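A, B, ... follow the sequence lines: proteins, then strands. Residue 1 opens every chain. Just so it is clear, the model here is predicted, and its values are computed rather than measured.
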Amino acid sequence: MARYAPAEIEPKWQRAWDAAGAFVAAPDPAREKYYVLEMFPYPSGRIHIGHVRNYTMGDVVARYKRAQGFNVLHPMGWDAFGMPAENAAMASGGHPKDWTYGNIAQMRDQMKPMGLSIDWSREFATCDPEYYGQQQALFLDFLEKGLVYRKAAVVNWDPVDMTVLANEQVIDGKGWRSGAAVERRELVQWFFRISDYSEELLDALDTLDDWPAKVKTMQANWIGRSRGLQFAFSMVEEAEGHDRIEVYTTRPDTLLGASFVAVSPDHPLARALERHDDGIAAFNAECRRMGTSEEELETAEKKGYDTGLKVRHPFDTSWELPVWIANFILMDYGTGAIFGCPAHDPRDLDFARKYDLPVISTFAPVEDDGQPLAEDGGPAFVPPKSERVIYIRGFAGETEQTGEEAVEAAIRFCEDNGVGQGVTKYRLRDWGLSRQRYWGCPIPVVHCDDCGVVPEKKENLPVTLPYDEDGAPIDFSVPGNPLDRHPSWARTECPACGKPARRETDTMDTFVDSSWYYARFTAPRAEAPTDPEETPYWMNVDQYIGGIEHAILHLLYSRFFARAMHICGHLPESAKEPFEALFTQGMVTHAIYQTTDAEGRPVYHFPDAVENRDGRMVLRDTGEEVEVVPSAKMSKSKKNVVDPDTIIRQYGADTVRWFVLSDSPPERDVEWTAAGAEAAHRHLSRVYRIVSEIAEKPAEEGAPAADEALLREMHKTIHEVTGGVESFGFNAAIARLYAFTNTLAKSEAGGAAKRQAAAALAQLMSPMTPHLAEELWATLGHEGLILDAPWPVADAAMLVEDEITLPVQINGKRRGEITVPRDLGKEEVEKAALESEPVARALDGGAPKKVIVVPGRIVNVVL
RNA sequence: GCGGGCGUGGUGGAACGGUAGACACAAGCGACUUAAAAUCGCUAGGGCGCAUCGCCCGUGCGGGUUCGAGUCCCGCCGCCCGCACCA
């Protein structure tokens, strides 16, 4: 008998699918469509086993939906702009364009053998001028609708490399390449008005029924709606033209616990003061040496500087509070100034203890009869706002009330007394899209001395990136932005007046590229961003699959973009929420094998260099024992990577696909182990052997009981695997398929029933192991592709058993079981349970206190 | 620091609030074989006992709700993701 030979059957069936044009999608109004999309990859050069898992999951969905009769769209492309290409050009020469397209070619070659049901005719890269030209057209439309504007914003500036740094390039306040201390610099940059949509983006989360709750929670917290009071402290003495400091607080009920006022180092008052005060100038300069990321501000040691200025408390003009500059106040949020209430905010409490400022509690726990907590070295008291507390320094509402009630009462009180207004604010900031880099989509505007900022004419799009400079490919080893220093690229004429003018040399954030690619896939060659005929048919994405790391930014930006594209007429109203269902998958991890060198530093070893000798993991060459760190994120530097290419060559694509789906639930991480891959391969070989044997034998009737038992199992398996695939329970579906394979192997049924069961097995496996499934289908003598066979449907009558076994508990612990007819009444079940041997013995003639019968589930006897 | 998630045998994991450990890996024993590979079968959370049957313990730690908790609630610990210029 022939052996399972994936190296032969996989290319064979891939050719058959290609010849049939099976995956080329075309709109068909007569059929219901289904759009499956996996987050497209960055072309780093090699596909990663994590990609394999991601695309396999999408492929299972695509193939399953296809078998159910849907017109499936399953495209693939490349998120191809971004810093790694420029970094590579700087590090080892070459050009970002060549590097990127070379990587794309390699990765496409690696992906093709996986047998994914992708419509490759729709492939594009975001760095194709045909794509980014349409993105520039979108930008111009957004500009016209007032969805983009310019304002000044701070960036990380590396004074040695003369370049803007990303947050990840700032390490301990220093540039990653130059090591120079990073400065904050202000540049005028473009922003999308996403914050205008805060309320809508927040409220619409409720309509996303098929998104994970955790993603919706994360987005809701990120948008951060808050209700608070905005008011001003008047200054005791005017300074630098400021006679008041405007603050925003979400806890106006703690106003009588105020102990200081603090402003951001970037607050206008702080900036004015630093001009005449060396101490403040030095403090602000120190604050500005920190990176711009919120994380860094929040984790840095809390520091402040007393300006010596004082403000008056709004309720008591004789109560004066000091004004500090503090490094943890964000200029971007609220008004860039706060009042500190140390008793009810851990940060303020740290600050107050450090600088010896008063701590005044305004409320206290109910259970301690209103004893304040923070005064004597205790922690800040910050209960949930829904919890009732006792106000010891309240001024509005009841003495005992919840924080929410108190905040509303305080806002009403303040408004009635002319101290500020209640306002709703959002944490979400506008999206800065300007990047001072080469490898991105050029922002299509022109700066004219006479006309100012002028949009490029649409007929002049795309504004393409220059490849060379004075005839030679651009040299990235020279510091600075190549677009900025290019001798001719930026020189153009003003689209308005025709005079010589200069192009914008900033490019767009790569998040812009990925905020609409899902729409472009519906009409990838259209002469406009989308196509009014094709786009409405395919939109929305029915199932989107990707990593949890994109839970906030990418998904929020895409939701904003879909709205903006709708406003500009590029998407229908119904596409404002472009992703109907979202699934976030886990990572693929792998053990790290490490030894230590003479200095005690870790030395990492590739999995190939390690072998198992009598249960100990040792280096193949030296026999030295290695330490095994399980389930670590794959990383080249730790050498715990596996190359999908190698594995596919060794075992075939179906084995890899089967393995990455089995064992671990898709939303969780899965650990790649050689033994697991080996086992997956053994199983597929076994299925091949079992089905081949069945195909060779005559299709005759068997013993009725054996035939029925096998077919019952088959229908159960169809039911459970279908449910598993529907609910992303791929691991559970695979476990069921293992069990069914065992049943089939041991079955005494006749050839006819076995052929039927084997065909069902092939079909149920076809989304996961499509090549093997085609081979088995043909082996069993079926005409045509299994790809085109309709998904099997379980016969409901075959799923129901006549008798069921119920566990019997005594006091909640399992003590036995009873087998009863399926629809036996509650009383009879109770009777049977009480008569069962363990219960009768425990009761010893007595009566139970209580009997709980959960029909079809369990009986619990309480003694 | 803030927001979100996860934690179950030697390992990956299963389990609508209802028999904890399905299914697999690794391991051990056996069959087949001259032998090996492949294949097939069996054992298997820990402990105890008057051992074909029964008891106790057990889902990161400590409490709680419930007839019943891996699952729900509160408080810890550890790890992972995000924090707006990484993609």
Side-chain angles (χ1 to χ4, degrees), chain A residues 3 39 41-42 44 79 81-84 153 155-156 164-170 189 194 212-215 217-222 224 291-300 302 328 332 346-347 350 427-437 509-511 513-514 547-554 556-557 584 586-587 589 612 615 630-631 633 662-665 667-671 673 675-676 678-680 682-683 685-686 689 729 731-732 734-739 742 745 805-809 811-817 838 849-852 854 856-862:
Chain A
R3 283 177 57 101
M39 291 179 186
Y42 179 80
S44 56
D79 188 13
F81 274 136
M83 298 205 303
V155 295
N156 301 308
V164 176
L165 297 177
N167 284 334
E168 67 156 15
Q169 297 175 318
V170 180
Q189 309 194 58
I194 188 172
K214 63 179 170 185
V215 174
T217 308
M218 282 192 261
Q219 291 218 352
N221 290 339
W222 183 262
T292 55
S293 80
E294 195 167 300
E295 182 185 5
E296 204 175 333
L297 295 182
E298 294 272 336
T299 50
K302 307 288 173 278
F328 59 93
D332 290 317
R347 281 188 311 189
D350 281 354
R427 204 185 75 99
L428 180 63
R429 312 201 288 255
D430 277 337
W431 169 13
L433 68 120
S434 302
R435 297 290 182 270
Q436 296 68 39
R437 301 186 204 291
D509 178 11
T510 56
F511 271 124
D513 313 335
S514 56
I548 187 69
E549 66 272 22
H550 296 293
I552 297 176
L553 292 180
H554 161 63
L556 192 61
Y557 290 160
T584 54
M587 294 182 300
T589 61
N612 184 340
S631 302
K633 181 157 91 173
S662 58
D663 283 1
S664 224
E667 68 275 15
R668 256 201 265 175
D669 296 348
V670 65
E671 174 150 5
T673 61
E678 182 68 47
R682 266 205 313 270
H683 177 73
S685 306
R686 180 164 180 249
R689 198 173 57 244
N731 57 324
I734 284 184
R736 198 68 191 77
L737 288 166
Y738 268 106
N742 289 336
T805 299
L806 294 181
V808 176
Q809 294 182 332
N811 290 337
K813 286 186 199 297
R814 182 181 177 276
R815 285 294 181 259
E817 57 187 35
K849 229 183 245 164
K850 193 172 174 185
V851 181
I852 293 131
V854 183
R857 302 295 308 188
I858 204 164
V859 182
N860 188 11
V861 180
V862 185

Integer angstrom distance from the C1' of B:rG78 to that of B:rA69: 22 Å
Side chain of A:Asn167 - closest among B:rA14, B:rC56, B:rA84: B:rA84
P-based separation of B:rC81 from B:rC86 [nearest Å]: 16 Å
Options B:rG18, B:rC23, B:rC85, nucleotide nearest the side-chain atoms of A:Val164: B:rC85
Side chain of A:Asn156 - closest among B:rC85, B:rA20, B:rA87: B:rC85
side-chain N/O A:Arg815 vs B:rG54 OP1/OP2, d < 4.0 Å: no
Interatomic distance at C1', B:rA24 relative to B:rG18, whole Å: 26 Å
base_contact_polar (B:rC85 base, A:Arg437 side chain, donor-acceptor, <3.5 Å): yes
Ring geometry between A:His683 and A:Tyr738 (parallel below 30°, tilted from 30 to 60°, perpendicular above 60°): tilted
Atom-pair distance (CG on A:Asn221; C1' on B:rG3), nearest Å: 6 Å
Minimum-distance nucleotide (side-chain atoms of A:Tyr42 versus B:rU19, B:rA87, B:rA14): B:rA87
Closest to side chain of A:Ala739, choosing from B:rC55, B:rU19, B:rC23: B:rC23
Contact under 4.0 Å: A:Asn731 side-chain N or O vs B:rA14 OP1/OP2: yes
Side chain A:Gln189 and base B:rC85 donor-acceptor under 3.5 Å: yes
Donor-acceptor pair under 3.5 Å, A:Glu295 side chain vs B:rC2 base: no
Under 4.0 angstrom between A:Arg857 side-chain N/O and B:rG17 OP1 or OP2: no
Base-pairing assignment for B:rA22 (Watson-Crick or G-U wobble, both under 3.5 Å): none
Check: B:rC83 base within 3.5 Å donor-acceptor of A:Glu294 side chain: no
Nucleotide of B:rG4, B:rA24, B:rC86 approaching A:Met218 most closely (side-chain heavy atoms): B:rG4
Rounded distance in Å between the C1' positions of B:rG1 and B:rG12: 35 Å
Given B:rU19, B:rA84, B:rA14, the nucleotide with the shortest approach to the side chain of A:Glu817: B:rU19
Phosphate OP1/OP2 of B:rA84: any A:Arg429 side-chain N/O under 4.0 Å: no
Nearest-nucleotide pick for A:Ile852, side chain only, options being B:rG18, B:rC85, B:rC55: B:rG18
Separation of the C1' atoms in B:rG64 and B:rC50, to the nearest angstrom: 40 Å
Whole-angstrom distance between B:rC85 and B:rC74, as gauged at atom C1': 41 Å
Sugar-phosphate, base or nothing in reach of A:Gly432, heavy atoms under 4.0 Å: sugar-phosphate
Phosphate-side-chain proximity, A:Ser662 and B:rA24, N/O vs OP1/OP2 below 4.0 Å: no
Under 4.0 angstrom between A:Asn860 side-chain N/O and B:rU66 OP1 or OP2: no
Among B:rA84, B:rG18, B:rG4, the nucleotide that comes nearest once only the side chain of A:Thr217 is considered: B:rG4
Touch class at under 4.0 angstrom, heavy-atom based, for A:Ser514 against every strand present: nothing
Closest to the A:Lys214 side chain, choosing from B:rG5, B:rA84, B:rC81: B:rG5
